[in-house]
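Contents: one structure, followed by commentary.
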Amino acid sequence: MDFGFSLSPSSAVNLDTVDLSLFRKVEARCPDIRTCIGCGSCSATCMASAWSGMSVRQVILALQRGQLRQVEQKLSACMLCGKCTMVCPRGINTRNLILAVSREFKKEEAQ
Amino acid sequence: MIYQGKQKIWSDYQKEIPDDHWFYVRSCIRQNFFPASEAHFVKIVKDVLGKDLYETEHHTTCGGIAYHSDTIPQETAMTIVARQFALMTEAGYKNLVASCITSFGNYTEILETWREFPELEVRIRENLWKACRREFEKPEYVCHASDVIYKLRNEIAEKATVRLVNHETGEPLRVVEHIGCHYSKMFPHKGVGGAEYPCVLSGMVESWGGKVIDYPERRHCCGFGFRQYLVKANRGYSVSNTHKKFESMEPYHPDMIITNCPGCPYFLDRWQYVIAEQTGKTYGQNGYGIPALTYEELAGLVLGYDPWDLGLQVHQVASEPLLDKLGIAYDPAKKYLGLNEKEIMKPGLPQVLKCC
Amino acid sequence: MREVGQFEYFVIPFLFGMAFVLGYCIIGMVRVILELPQCDRRRFFISLITPKTIWKNIRDIFLNCLIHVKLWKRKPLLGFMHSSIAFGWFMLILIGHIQVLWFIPGRIHTFYHAIFFNFFVEETEPSVAGAVLAFLMELSLLLVLTGIGLAMVKRVASLLFGMRRTTRPSLLDRVGLYSLWAIFPLRLLCEGFVAHVSGGSFLTLPLNWVFRQFLSNPDNMVLTWWGYSLALCVFMCVLPFTRYMHIPAEMLLIPVRNAGIKIRHPRKGFAKLEYYSCPGCGVCIDACPMSVKKANIKDATVYLNRQLRRGNEKRIEEISDKCLLCGKCTALCQVGCQGPELRVAQRSLRTYGLTPDYAALPLDGIKERLAGEGEVLYFAGCMTQLTPAISRATESVLRKAGVPFKRMDPMGEEGLCCGRPLLMAGRTDAARELMARNRELILASGCKTLLLSCPICYRVFAEEYDLPGVRVVHHSVYFEELAAAGRLAIPRLSQRPLVYHDPCELGRGCGIYDEPRSLLGRVGRVVEGEKHHEQAICCGGSLGSLSLGFDKRKDMTLNALRNLCVEDPEAIVTACPLCESSFARYADRPVRDIAEVVDAAVPASAPHPADVLAQK
Amino acid sequence: MKESVVVIGGGVAGMETAASLLSLGYAPILVEQSDHLGGHVASWHRLFPDMTSADEVIASLKARLEGASVFLGTGIQFVNRLKDGYNVMLTNGVSVLAKAIVLATGFRLFEARRKEEYGYGIYDHVITNSDLENWFRGGDDLRVPAEPAAIGFVHCVGSRDVKAGNTQCSKVCCITAIKQAIELKEKFPGAEIYCFYMDLRLFGKKYEDFYINAQRDYGIHFIRGRVSEVGERIDGRVIVKAEDTLAGKPVKVSLDLLVLMSGIVCNPEIAALTKNVTLERDEDGFLRSRDNLSGITLSPRKGIFYAGTCTGPKTVPETLAEARSAALCVHDFLQGRA
């Protein structure tokens with residue numbers, strides 16, 4: 001029956017059931033992903049963030065929360081210029097991280 | 001769960017509830033959806049327990065729905081409430097009892113606001129005088145009707161003919177108690193047992209022999225949320241809230257839900273039908289739903305009133321499985337007979353949710 | 001006694017080894033040529049019949065394979081060691097064949113007569129030609145033996161040969177090495193035994209005299225010939241599986257490279273030739289800036305080549321990702337093995353689940369802003385955004401020189417990356433897409449000159465972009481031109497010593513060494529670090545490395561700084577924003593970009609030379 | 001005869017003050033209400049940042065108290081102001097006349113039960129930082145499961161919280177939570193550990209290193225967001241809800257153990273102590289120093305001094321340094337120099 005409205009999926013992240021497989025794979029290639037403190041320097045300095053929403057910080061977070069579609073969306077315009085690596089206060093090798101994510105990412109799993 | 005821990009919290013939130021002489025204000029929603037509940041509240045308090053409860057046909061809405069739906073300014077709501085107080089003062093009462101949780105919250109909020117901003121009270125007094133030449137005294141006590149039943153729960157238990165146990169197994173029934181948001185979430189000290197582990201309803205359940213279920217989403221709103229339901233575009237959000245609660249309580253296999261708010265029994269009841277239609281899922285046993293009752297209906301049941309007199313037939317979820325568990329006799333043929341055995345017509349049956 | 005034409009069984013091991021190694025190399029060569037893409041193959045064949053390249057090939061093979069000129073330049077002793085073995089051996093083979101042709105021309109087809117010549121002949125030295133040939137043979141043998149002797153010394157004291165670190169040979173390498181070492185002393189022994197019969201020269205004749213003092217039965221000497229033949233056999237049989245494969249591989253590598261072919265696939269064709277041409281000498285270990293940390297030694301190009309031969313995928317990946325792509329290993333490598341290109345090719349093999357999409361870039365808006373005619377278009381680049389002093393100084397110098405310009409990527413506005421970092425990461429397709437967009441913008445700007453601050457950008461714009469009518473120039477070159485043309489009035493300030501650091505991409509990458517120095521020389525006294533020009537040491541900040549973390553780079557930067565400060569310069573000047581940031585992090589003295597130094601030197605109020613002329 | 005100085009409170013602040021006074025040549029009288037010295041530190045297991053054993057710290061402090069008069073199990077009946085000093089009446093009937101008193105009355109741990117939504121004392125697997133230390137010390141605690149798969153820490157319980165009546169930062173909880181998280185991870189390497197924080201305030205020496213280690217080497221997850229509520233699941237695990245503020249999304253997780261980082265709040269008993277001799281208190285309830293920059297150990301009253309956390313949350317090294325400073329102030333005062 002069409003009520004004109006329907007159940008909306010929860011926006012909450014459930015850490016009990018969250019799919020961390022991609023995060024674990026990326027973590028294995030790039031363990032310093034864990035040390036992100038979410039300061040946002042990477043996004044602030046990003047040449048692509050202004051026109052694409054690119055944000056390494058959000059990618060790291062999305063990986064840890066299993067939100068694979070956001071990973072794709074937030075990484076789509078990376079030019080690998082390395083500014084984020086230059087500014088990261090924790091010395092995270094963000095380029096390596098981006099490449100690791102790009103390699104391990106599987107489009108079909110993100111659906 | 002450490003029960004003693006909860007008792008300790010409850011002891012911190014002992015609310016003073018007057019014994020007698022109440023000025024009763026009804027609920028807009030309940031008068032329409034659960035008229036028998038209010039009628040039985042009056043009946044139990046006045047006739048069964050012999051207390052003094054005063055009502056006047058001159059009282060109006062408290063303005064709560066309009067206030068929470070952002071359609072009237074606060075000052076208007078305050079002036080409406082001031083008029084209720086004036087009616088109470090004129091009738092010579094000092095203890096206000098609201099049937100509606102939102103009204104109760106509204107009264108409490110307004111009194112607290114006046115306490116913080118006395119100049120506002122002065123202005124409202126002027127407004128009221130200009131509008132209808134009335135004056136008021138603030139109530140000494142503001143209670144919710146469920147506070148009164150809570151206060152009288154042991155007296156009711158003494159007179160009870162039915163206990164909240166499965167009459168076949170002797171096991172206490174598993175009861176979900178759902179407290180209206182405006183009862184104590186705004187002012188925890190104004191509710192019996194505070195906001196986190198309120199015991200206004202659990203006290204009744206335990207006193208009448210049932211067992212209260214503590215499930216993770218017990219604090220969650222029923223889904224009404226005023227704007228969430230009243231604006232159709234938001235209704236998906238409303239039903240999703242309710243769905244979340246049912247998913248959370250499901251593993252506990254509750255036998256029933258009791259509520260003390262106008263909206264809650266309505267939404268916890270009706271949305272079970274919508275969820276069943278949309279997801280194919282039901283939460284009671286054998287395809288039935290979980291009956292969601294008002295505390296007055298429950299009090300009426302334990303006192304031995306006829307389920308159809310209590311208005312259980314106006315619920316979407318069939319209450320027969322519950323009545324069977326309790327061992328309460330009922331006549332299925334009379335379910336849809338109204339006052340004076342007048343046919344009130346049988347509703348159509350839903351596709352998924354099993355109803356009798 | 002013995003007669004020419006008599007067959008001796010001891011030649012069989014040699015013949016077997018020879019047949020094996022020849023067969024292996026021919027098959028390998030055919031495979032490599034077949035693996036070349038068709039266009040490259042055609043190009044190769046054409047080069048083989050082009051006189052210019054023929055001559056170049058012969059010269060290169062002679063100079064590189066036999067004389068090892070690069071090693072001579074690096075350390076004469078090391079060069080001598082290698083060329084004495086290679087050239088000496090070559091001469092032994094060559095003269096051996098001349099001897100056969102001279103004395104027993106009918107046997108030239110047998111292969112082995114040239115190798116075991118002295119066994120099969122008698123009395124060769126009485127003739128003048130015979131004596132000269134014998135003398136030359138033994139001179140060559142002496143040369144080889146000297147080389148072998150030096151090689152033995154080198155194994156225990158490599159530092160004498162200018163090598164701090166050298167590779168650890170594998171087991172087969174050792175077998176090859178010891179058999180190689182054994183061949184020539186055995187040959188001396190063999191020929192010493194028979195010198196009284198075959199004739200000989202200054203080495204074998206005295207040796208023969210000594211032997212005959214205590215050796216009665218001359219038949220025993222057949223065993224030594226067996227030993228000699230077996231040593232050759234062992235060497236040739238293990239050769240394809242050892243570093244000595246570089247001997248045949250390099251002979252093909254040189255013509256293929258001279259044909260102008262580039263690495264396209266890390267395992268096929270040209271790349272295969274490259275890693276088989278690696279002699280495993282380990283020069284690249286000392287060359288590699290990462291080698292300051294012991295943990296990185298195994299990531300030098302020589303190990304990449306070794307792993308590529310072995311097919312150890314995990315290590316290949318690791319080594320490929322770690323490299324800074326500074327290019328110093330190639331600059332020092334005697335066979336010119338292109339370590340960085342091999343690694344980039346390896347990186348480009350990967351498949352990615354995420355492909356970038358640059359469609360959202362607001363191209364039209366930028367085009368509108370850039371529209372103009374004939375101005376200099378200044379592209380500061382991503383890294384310069386983090387070192388605004390460079391772009392500010394560049395703009396200021398342009399203004400002082402009266403050069404009208406437009407900024408392609410103003411601070412804080414939408415900017416594009418040049419595409420080089422993507423290329424370095426092997427993401428060629430994405431890089432091409434990005435480059436196409438940049439190209440569109442540059443062409444839309446109507447500029448005639450594209451000025452770059454960053455050598456990373458400069459290299460890709462210069463090498464990979466197709467920008468007709470646009471001159472791509474790095475600011476160090478451009479400013480030098482302005483100064484030379486008198487458009488920048490730089491008063492010679494002082495004799496203060498300034499060291500110039502060659503950024504990898506500008507120096508080794510694009511061969512620009514002189515202009516920055518000459519520009520800097522207008523401001524102060526240019527001093528050099530211990531290593532400079534093509535031997536300059538990477539600052540450690542390179543974008544080339546994918547996996548090297550920040551904490552792993554500090555030692556490299558410190559080492560590069562130590563190298564730059566040997567002359568105790570007042571300041572370190574470079575021409576790359578990345579080098580500047582890397583050095584500034586740890587340096588104990590000011591680190592400046594050349595643009596900043598020039599800007600500070602040109603007086604702000606100096607009238608523009610053109611204006612001065614106009615007033616006159 | 002040596003001059004007597006009354007030191008009220010036998011925690012690390014009181015002990016260090018008394019020890020310093022002793023070596024300055026005074027006769028300190030150390031009064032402690034409980035039956036042991038060491039205060040809160042004595043109930044702790046190991047101390048950041050060097051994982052020093054708390055018992056060792058207390059033992060070395062005790063050793064330096066040789067010769068001081070220590071009254072254990074003794075409270076203060078009243079303090080009266082005399083013309084030239086104070087009369088301190090102890091609950092054991094002893095009356096002491098002293099020119100100087102040092103208050104080292106310390107703090108209380110926030111009563112975690114008051115944050116009802118976290119269910120301390122109600123849910124089976126919710127404990128406090130101090131319960132956890134007790135467990136580390138070998139104490140039994142049935143609330144700590146044998147093999148937890150997931151453990152959570154809630155920072156700022158009762159700190160920086162108007163609703164809890166405490167707006168101050170307790171200063172030590174961030175680093176304590178990280179220390180305890182690492183200790184738990186060492187005990188239960190298979191467990192996922194989540195720290196829910198509002199801000200991480202890792203100001204002290206080596207604190208940031210602790211934080212990086214916790215992230216990098218122990219894989220502890222830090223989620224920026226305050227836990228809103230805790231519920232109990234049917235299997236007895238607790239379910240924690242918060243907002244992941246960096247993601248802007250609600251987050252929930254089921255845990256086998258939840259540790260509440262109870263904050264440092266003022267010691268309410270100060271009120272009784274200062275009945276006859278009024279000492280002003282700050283809005284947060286802690287004693288008000290003469291000034292917060294150079295006179296933190298000075299009370300506004302002549303002859304009364306403060307040491308340690310009675311003036312606000314402090315770390316152990318800060319407390320000890322302040323105790324020594326208080327002893328010196330007493331010395332200056334008794335020498336007539338201040």
Side-chain angles (χ1 to χ4, degrees), chain A residues 22 25-26 28-33 35 41-42 44-54 59 62-63 68-111, chain C residues 317 321-322 347 350-363 365-366 381-387 409 412-427 430-431 433-434 437 454 456-457 541-554 577-578 581-582:
Chain A
L22 182 59
K25 282 186 213 158
V26 173
R29 285 185 183 274
C30 189
D32 49 5
I33 185 174
T35 61
S41 304
C42 47
T45 198
C46 179
M47 299 293 277
S49 72
W51 47 269
S52 73
M54 162 92 197
V59 166
L63 281 172
L68 302 188
R69 293 178 79 157
Q70 217 193 336
V71 169
E72 181 178 15
Q73 186 219 326
K74 292 286 171 191
L75 216 51
S76 61
C78 176
M79 302 184 283
L80 226 53
C81 74
K83 275 180 86 186
C84 46
T85 314
M86 293 291 287
V87 298
C88 177
R90 278 289 174 98
I92 299 175
N93 189 347
T94 47
R95 289 177 81 231
N96 188 29
L97 176 77
I98 293 164
L99 286 169
V101 176
S102 304
R103 283 180 80 178
E104 299 292 356
F105 188 86
K106 304 235 169 14
K107 262 207 164 63
E108 54 284 4
E109 283 173 15
Q111 295 313 307
Chain C
E317 291 263 295
D321 280 4
K322 213 172 194 181
R347 293 173 186 181
R350 291 166 194 161
T351 50
Y352 291 91
L354 267 179
T355 7
D357 171 17
Y358 307 119
L361 182 81
L363 271 189
I366 305 177
C382 305
M383 285 302 147
T384 313
Q385 302 259 351
L386 293 173
T387 49
D409 53 348
E413 282 193 36
E414 307 93 350
L416 273 180
C417 171
C418 61
R420 175 97 179 119
L422 281 165
L423 282 179
M424 283 173 152
R427 303 209 67 176
E433 197 193 326
L434 198 54
R437 269 153 217 277
C454 172
I456 305 170
C457 308
S542 168
L543 283 174
S545 174
L546 303 179
S547 61
L548 210 55
F550 176 74
D551 50 331
K552 307 279 188 336
R553 296 175 183 242
K554 185 178 178 183
L578 202 49
S581 334
S582 304

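Just so it is clear, the values below take in all heavy atoms, side chains as well, and ignore hydrogens, waters and symmetry mates. Sequence lines set the chain letters: A, B, ... in the order given, protein chains first and strands last, and positions in each chain run from 1. Note that this is a predicted model, so its numbers are computed, not measured.
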**Request:** Not counting sequence neighbours, which residues clear side-chain contact (heavy atoms from CB on, under 4.5 Å) with C/A425? List them please.
**Result:**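 A/L80, A/L99, C/R427, C/L546.
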**Request:** Check whether A/N93 gets within reach of chain C through its side chain, its backbone, both or neither, counting any heavy atom under 4.5 Å.
**Result:**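 Contact with chain C is through the side chain of A/N93 alone.
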**Asked** Considering only heavy atoms, which portion of A/T45 lies under 4.5 Å from any heavy atom of chain C: side chain, backbone, both, or neither?
**Response**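 The side chain, not the backbone.
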Which atoms of [X] come close to chain A, meaning under 4.5 Å heavy atom to heavy atom: side chain ones, backbone ones, both, or neither?
X	answer
C/S582	neither
C/I456	neither
C/D357	both

**Request:** Heavy atoms only, distances under 4.5 angstrom: which of A/I98, A/N96, A/V101, A/L75 has the most pairs with chain C? Name it, please.
**Result:**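 The residue among A/I98, A/N96, A/V101, A/L75 with the greatest pair count is A/N96.
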**Message:** I need the residue from A/G91, A/C88, A/S76, A/A100 with the largest number of non-hydrogen atom pairs under 4.5 Å to chain C.
**Reply:**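 If we count pairs closer than 4.5 Å to chain C, A/S76 comes out on top.
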If you compare all heavy atoms of [X] against all heavy atoms of [Y], which two are closest, and at what distance to 0.1 Å?
X	Y	value
A/W51	C/P362	CB-CD, 3.7 Å
C/L543	A/R95	O-NH1, 2.5 Å
A/K83	C/M383	N-CE, 3.7 Å
C/L386	A/M86	CD1-CB, 3.4 Å
A/C81	C/P421	CA-CG, 4.0 Å
A/M47	C/L416	CE-N, 4.4 Å

**Message:** Keeping C/Y358 on the side-chain end and A/C78 on the backbone end, is there a donor-acceptor pair under 3.5 Å?
**Reply:**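 Checking the backbone N and O of A/C78 against the side chain of C/Y358, a donor-acceptor pair under 3.5 Å is found.
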**Prompt:** Around atom NZ of A/K25, are there more than 12 heavy atoms of other residues, nucleotides or ligands at under 6.0 Å?
**Reply:**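 Yes, NZ of A/K25 has more than 12 neighbouring heavy atoms, counting only those of other groups under 6.0 Å.
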**Asked** Sequence neighbours excluded, which residues qualify as side-chain hydrogen bond (donor to acceptor under 3.5 Å, both in side chains) partners of A/E104?
**Response**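 If we apply the side-chain hydrogen bond (donor to acceptor under 3.5 Å, both in side chains) test to A/E104, skipping adjacent residues, the hits are A/R29.
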**Prompt:** Would A/R90 and C/F550 count as a side chain to side chain contact (heavy atoms under 4.5 Å, CB included) if you check the C-alpha gap in whole Å, the side-chain angles of each, and the deciding distance to 0.1 Å?
**Reply:** CA-CA 9 Å; A/R90 278 289 174 98; C/F550 176 74; over 6 Å; no
**Item:** Option that, when pairs with chain A are counted at under 4.5 Å, heavy atom only, ranks first among C/C382, C/A360, C/P356
**Value:**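 When all of C/C382, C/A360, C/P356 are compared, C/C382 has the most.
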